[in-house]
Chemist: 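Supplied in structure tokens, the structure appears directly below.
Quick caveat: nothing in here was measured; it's all calculated off a predicted structure.
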Amino acid sequence: MNSPLQIDNTGEKFSAREISVLLLILFSVFILRFPSFLQPWGADQAVYGYIAKEMLDGKVPYRDLYSSTGYGVFFAYAALLKIFGNNMLAIHIGDFIASILTVMIVYFLSRLLYGKECAIIAGIVAALFGSGRAFSALYEMKGAWGTYWQLAQREVFMTPLIAAGIILSLLADRNRKWHLYFWAGACIGLAAVLKITAVIMLPALMIYIVMSDFFSHDRDGFKSFLLKTAGLILGGLVVQLPFLYYFWIHDSLYIMYKAVFVHTSVYAKLSRGLMVVNAFEGNTYVMIENLAIWVFSLGAMLHLLMHGRRRETFLVMAWTAGTLMMIWGQGKFFGYHFLLMLGPLSVLTGYGIKQFLKTESGWKDSIVVARNNMTVIVLWVLLAGNLAVFLGSNYDYYRWNIQYLTGKINKQQYYEVFNEFPLHLYSFRSDYDVVNYLKMHAQPGDTLRTVNCGGDTIIHYLSGLRSATRFTSTWYLFNKGLYNEALTDQLRDEFIEGINEEKPGYILLVYYNMEEFMREYNRDDYGDVARLMDYIKDNYVLEKTFPDRRTLYRKI
């Protein structure tokens, strides 16, 4: 190991050159993420976007638009649609803003902790590796997906909020301003509005406060601890009040609670296997595309534990461990969940690269010296190899978007790659065909209901056809692992009765057509499904079939 890194420029003023470097890093985020402005929504974004659109028209989540997802993302999407226009691009702009904020906070936090050079490296790491396609949902299934499934996920917005909570805690400790902990708590509270697992960060920050006050020589340590802790908790609670008030005045507070907390616990009963196995199985692509980050971060943590500043070292470690727990706690997770770790791993990688690779006064001298140091040689090869793998794995993604931008392929051809079927129910390319068909053939006032859908609310959003029930996704109503759960049964009954009462102009069956539904769900064990199919058979005729097993029925 090299000698401990001497941090001597953490308080250095910003120079024109450094500002130029930071702006260049931020511009690289725009270049790397520019294709995202062209891409359609994934399944999750389709649900969130449709709910947000209906919220702007006066509908209330859960009461009028059912989902078990935490409400924060609906308000975030609604705000973006209101500000940037009611279109898919508006959400991608929000994703870009969140990405820029993440890179900026990572930069400033790294600078405060470890100096200017570490900050530049950390900023580059966050900008580059945070834009990789490994963070899309089911990357190993479809290499051509690009990044569209990761865009504007809850984790995208949570990452800068949690990072802001960390940097505010650091500033509060260094400047002895307890009220900054209020704002740190508010940032964590907003992240928890998006996904409740973010509350893990509150006890981590409380331990940091304990270390700050009780292990110092301040005689007012206990009083300071109370003030800081109170500020932290108060900030986390206060930001919840506007949302709770919204649901209260719309008589839907209990409905929200039952959907977000009760239904989510039912959904969690789906078999997800052993957590230790799930940490690697199906997710190795994340570590392959970002292997250097994990290696340098691990080395940096070990080095900091031996040589670093104790309280601030704990803060970084707590940030890393907290985000890892948030990911792991979800059981079998998708790539975009790892975005939560982008902040701490970028900061640690910035420290690690500076510490382990730049051993001399200049980078050229460091490479020369590395010839005699096998450990450093291996790290250089790892870094270069990882960059090569990253660029290679993302080549097709950028090539496809460039072909579209230059007119070599049209929109219909471009959308062909945005398809998850049959390994996932969602297929944007097929749903886009359904949208175009309905725009041509549906009559004013017609409604549509999709059965067994997983994100196909994109059809409602793009076609303008209203849903015949309040359900935004229905796959869980027909999932055999959840079928006999009491809440699932209750919701399925409501869904079927809603179709009977509304009598929608069109019904779209996803994955199974009517005959396949009746074969897959026998009448003795799945009476509700048989009852629904009987209703469709008696009142609807086959209108058209679409790719990826979409079958459209029209009311007689």
Side-chain angles (χ1 to χ4, degrees), residues 1-10 12 17-18 21-22 24-26 28-29 32 102-132 134 163 166-167 286-309 312-313 315-317 319-320 323 338 341-391:
M1 281 297 173
N2 301 316
S3 59
L5 176 64
Q6 298 298 315
I7 306 299
D8 56 4
N9 62 345
T10 55
E12 183 182 339
R17 182 178 179 182
E18 183 183 0
V21 171
L22 176 57
L24 185 61
I25 292 173
L26 297 179
S28 73
V29 177
L32 289 166
T102 296
V103 173
M104 290 180 65
I105 296 172
V106 163
Y107 184 94
F108 292 126
L109 182 56
S110 298
R111 196 178 193 277
L112 280 172
L113 288 169
Y114 309 125
K116 180 172 62 178
E117 290 186 342
C118 291
I120 292 172
I121 299 169
I124 293 172
V125 168
L128 178 62
F129 288 97
S131 300
I166 297 296
I167 195 171
V286 175
M287 298 193 182
I288 291 172
E289 187 177 277
N290 303 281
L291 180 61
I293 297 179
W294 295 84
V295 172
F296 278 102
S297 294
L298 179 60
M301 284 192 287
L302 294 174
H303 192 272
L304 284 167
L305 287 171
M306 292 186 290
H307 306 290
R309 307 172 184 184
E312 294 178 354
T313 295
L315 185 61
V316 176
M317 303 299 170
W319 185 18
T320 308
T323 51
F338 280 98
M341 296 197 70
L342 179 65
L345 294 188
S346 296
V347 171
L348 288 167
T349 301
Y351 177 90
I353 289 179
K354 169 71 185 294
Q355 177 63 25
F356 302 132
L357 296 187
K358 190 180 179 185
T359 57
E360 298 297 316
S361 57
W363 287 98
K364 292 182 179 179
D365 295 333
S366 299
I367 296 173
V368 172
V369 172
R371 295 175 183 174
N372 300 317
N373 189 325
M374 183 56 66
T375 301
V376 176
I377 290 174
V378 171
L379 291 175
W380 273 113
V381 170
L382 170 66
L383 187 60
N386 199 166
L387 287 172
V389 169
F390 180 89
L391 295 173

Chemist: To the nearest 0.5 Å, tell me how far Ile293 CD1 sits from Leu128 CG.
Modeler: 8.0 Å
Chemist: Hey, does Thr349 have a side-chain heavy atom less than 4.5 Å from the side chain of Phe129?
Modeler: no
Chemist: Would you say Met317 and Leu304 make side-chain contact, with heavy atoms under 4.5 Å?
Modeler: yes
Chemist: Would you compute the distance between atom CG of Asn386 and atom CG of Leu291 and round it to the nearest 0.5 angstrom?
Modeler: 5.5 Å
Chemist: Minimum heavy-atom separation for Val125 and Ser346, please, with both atom names.
Modeler: CG1-OG, 3.7 Å
Chemist: Name the orientation class of the two ring planes belonging to His303 and Phe356 (parallel below 30°, tilted from 30 to 60°, perpendicular beyond 60°).
Modeler: perpendicular
Chemist: Rounded to the nearest 0.5 Å, how far apart are CG of Leu342 and CG of Asn290?
Modeler: 8.5 Å
Chemist: For Leu383 and Ala292, work out which heavy atoms get closest and say how close.
Modeler: CD1-CB, 4.1 Å
Chemist: Check whether any side-chain heavy atom of Ile121 sits under 4.5 Å from a side-chain heavy atom of Phe296, and report yes or no.
Modeler: no
Chemist: At what distance, to the nearest 0.5 angstrom, does CH2 of Trp294 lie from CE of Met341?
Modeler: 4.5 Å
Chemist: Please check: side-chain N/O of Ser297 versus main-chain N/O of Leu345, any donor-acceptor pairing under 3.5 Å?
Modeler: yes
Chemist: Examine the side chains of Glu18 and Tyr107 and answer whether a donor and an acceptor come within less than 3.5 Å of each other.
Modeler: yes
Chemist: Report the distance from atom CD1 of Ile166 to atom OG1 of Thr323, rounding to the nearest 0.5 Å.
Modeler: 9.0 Å
Chemist: Are any side-chain N or O atoms of Ser28 and backbone N or O atoms of Ile25, one a donor and one an acceptor, separated by less than 3.5 Å?
Modeler: yes
Chemist: What distance do His307 atom NE2 and Leu302 atom CG have between them, rounded to the nearest 0.5 Å?
Modeler: 10.0 Å
